[in-house]
Amino acid sequence: MLCTSRLCKKTVSLTYYTILHCFVDFCCIYYMVQVVMPTCWEIGMENWLLYGVLYNFIAFAGQLPVGIFGDWLQRNSYMVAVGLLCLLSVYMGIGFGLPLLPAVLLLGIGNACFHVGGGREAMAYRENACQPVGIFVATGAFGVFGGNWVAGHGMNWLPAMAVVLGIALLLQLILCYKTTVKNQVKQTISFHPEKGSWSLLLAVCCILVVVLRSFAGTVFHFPWSSGWLALLMTVGIVLGKAVGGILADRFGIRPTVLVSLSCSALLFLGANAIPVVGLLAVFLFNMTMPITLSLLGTQFPAAKGTAFGALTFAIFIGLIPSYFCNTYQFSRSWISLLLSAASLILLYVPLWLEKRQDCAVKS
């Protein structure tokens, strides 16, 4: 009965953070497009690149040091609360003339703190499981799409967002109070790899796969990807991440990696010409997102926040080319095929070698 109650609380917590993930990403992107971009039009559009890079660096790369801190603190609800407080400060600061630089800094810090707190919570839901992580990370794509769409249509939701952020922070503070355990013994943070050199090899491969996936996200410019089809592509990304975690837990990580990336590589050949084929390719390509997170967390079980932060740092590295060149020139079917094939090799080969080693040891 006690285990059932604890699982129920974990499920409610994961559901709450999953919904909040969509809202947090919406708030961040909406502010950048609705407030930062118009201001940059007035002071010089070269500042848009500066603030864009700064925000992404703190929001993504910043999750690595924040993740290390989160592993030391081991208070996920507190990390989420700090993130919401930073975002609320930015939205409240609009009425007090908060300059762009501190606003963007707070926006990035808030994003990083929320993702580390929520990510650690998802990774701790069930040991070595992909499904909870997949469900948690999936909804962020909806938030990014929604923030861009609402700001692009000139809708002023700034006061409403400030109110909702205030309510969310109040709920989070209540959650912090309810989940505080007196005299809770902290686990010892350790960066020791679970399986030695194999863990290090797998960690490098997971990081490289995330770099490739992040870069791929900047070059997936299909001729048909506008309007409602763009929304469907976002749905494909969300479902891919969620379904990838479910299938990995049901059928195993190696079969899921092999089937999803092999099929996506083939489908990308017709992705530019046929929207349905392109949507399926994007859906399958994103199925490995929760797998890489779960794998890295499994290899470093006493440093899950650091593992989460390392992969978001990889996301930022994958974004770097888009700041210095026109990514439309990479929108080629064969490039998408190569990205899928390279991801397949990087993930499947070390898993296959690890399986062979385990079988050899048992025999």
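No experiment lies behind these values; they were computed from the predicted model shown.
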Q.
As an exercise, state the distance from CZ of F268 to CZ of R332, rounded to the nearest 0.5 Å.
A. 15.0 Å

(Q) If hydrophobic clusters are built by linking Ile, Leu, Val, Met, Phe, Trp and Tyr wherever their side-chain heavy atoms come under 4.5 Å apart, do L239 and L280 end up in the same one? (A) yes

Q | Least distance between heavy atoms, F308 atom then G119 atom | A | CE1-CA, 3.7 Å

Q: Drop me the distance from Y31's OH to M161's CE, to the nearest 0.5 angstrom.
A: 14.5 Å

Q | Straight-line distance of I58 CD1 to L105 CG, nearest 0.5 Å | A | 4.5 Å

Q) Going by heavy atoms in the side chains, are C113 and V80 under 4.5 Å from each other? A) no

Q: Check the side chains of E121 and Y16 for a donor-acceptor pair under 3.5 angstrom, ignoring hydrogens and angles.
A: no

Q: Would you kindly confirm whether I135 and V238 end up in one hydrophobic cluster when ILVMFWY residues are joined by side chain heavy atoms under 4.5 Å apart?
A: no

**Q.** Close side-chain approach of Y55 to N111, heavy-atom, < 4.5 Å
**A.** yes

Q: Kindly check if the number of other-residue, nucleotide or ligand heavy atoms within 6.0 Å of CE (M155) is above 12?
A: yes

Q) About how many Å separate CG of L296 and CD1 of I291, when rounded to the nearest 0.5 Å? A) 13.5 Å

(Q) Under a plain distance cut-off of 3.5 Å, with no hydrogens placed, do S343 and R213 share a side-chain donor-acceptor pair? (A) no

Q. Should C27 and Y91 count as side-chain neighbours, where that means a heavy-atom distance under 4.5 Å?
A. yes

Q) Yes or no on side chain to side chain contact (heavy atoms under 4.5 Å, CB included) for M79 and V66, after CA distance, side-chain angles and deciding distance? A) CA-CA 9 Å; M79 296 291 291; V66 172; 3.3 Å; yes

Q | Side chain to side chain, Q131 and P290, heavy atoms closer than 4.5 Å | A | no

**Q.** ILVMFWY cluster, Y328 and F330 together (side-chain gap under 4.5 Å)
**A.** no

Q | Which atom of Y17 lies closest to which atom of F136, heavy atoms considered | A | O-CE1, 3.6 Å

Q.
What I'd like to find out is whether the side chain of F145 reaches to under 4.5 Å of the side chain of F26, using heavy atoms alone.
A. no

Q. If Ile, Leu, Val, Met, Phe, Trp and Tyr residues are connected whenever their side-chain heavy atoms lie under 4.5 Å apart, and connections chain through other members, are M37 and I94 in the same group?
A. yes

Q. Does the side chain to side chain contact (heavy atoms under 4.5 Å, CB included) test come out yes or no for L284 and V259, once each step is laid out?
A. CA-CA 9 Å; L284 291 166; V259 173; 5.9 Å; no

Q: Measure the shortest side-chain to side-chain distance between H192 and F300 over non-hydrogen atoms and say whether it is less than 4.5 angstrom.
A: no

(Q) Counting C-beta onward and ignoring hydrogens, is there a side-chain heavy-atom pair between Q172 and L175 closer than 4.5 Å? (A) yes

Q.
I'd like to know if V35 and F23 are part of one continuous hydrophobic network [Ile/Leu/Val/Met/Phe/Trp/Tyr, side-chain heavy atoms within less than 4.5 Å].
A. yes

Q: Could you tell me the separation between the CZ atom of R120 and the CG atom of L73, rounded to the nearest 0.5 Å?
A: 8.5 Å

**Q.** C86 vs L107 side-chain heavy atoms within contact, under 4.5 Å
**A.** no

Q: Using distance alone, with no hydrogens and no angle criterion, decide if N56 and Y323 have a side-chain donor and acceptor under 3.5 Å apart.
A: yes

Q: Take L84 and L165 through the test side chain to side chain contact (heavy atoms under 4.5 Å, CB included) and record every step on the way to the result.
A: CA-CA 7 Å; L84 292 174; L165 277 170; 4.3 Å; yes

(Q) If I take atom CD1 from residue I189 and atom OG1 from residue T306, how far apart are they, to the nearest 0.5 angstrom? (A) 5.0 Å

Q) Between T327 and H221, is any side-chain donor less than 3.5 angstrom from a side-chain acceptor? A) yes

(Q) Can you tell me how the ring of F222 sits relative to the ring of W224, calling it parallel under 30°, perpendicular over 60° and tilted otherwise? (A) parallel

Q: Show your reasoning for whether side chain to side chain contact (heavy atoms under 4.5 Å, CB included) applies to F215 and V219.
A: CA-CA 7 Å; F215 174 71; V219 302; 3.7 Å; yes

**Q.** Heavy-atom pair with the smallest gap, counting every atom of A242 and A138
**A.** N-CB, 4.1 Å

Q. Is there a donor-acceptor contact under 3.5 Å linking the side chains of T11 and Y125?
A. yes

Q | Parallel, tilted or perpendicular: rings of Y30 and W157 (30°, 60°) | A | tilted

Q | OH (Y348) with more than 12 external heavy atoms under 6.0 Å | A | yes

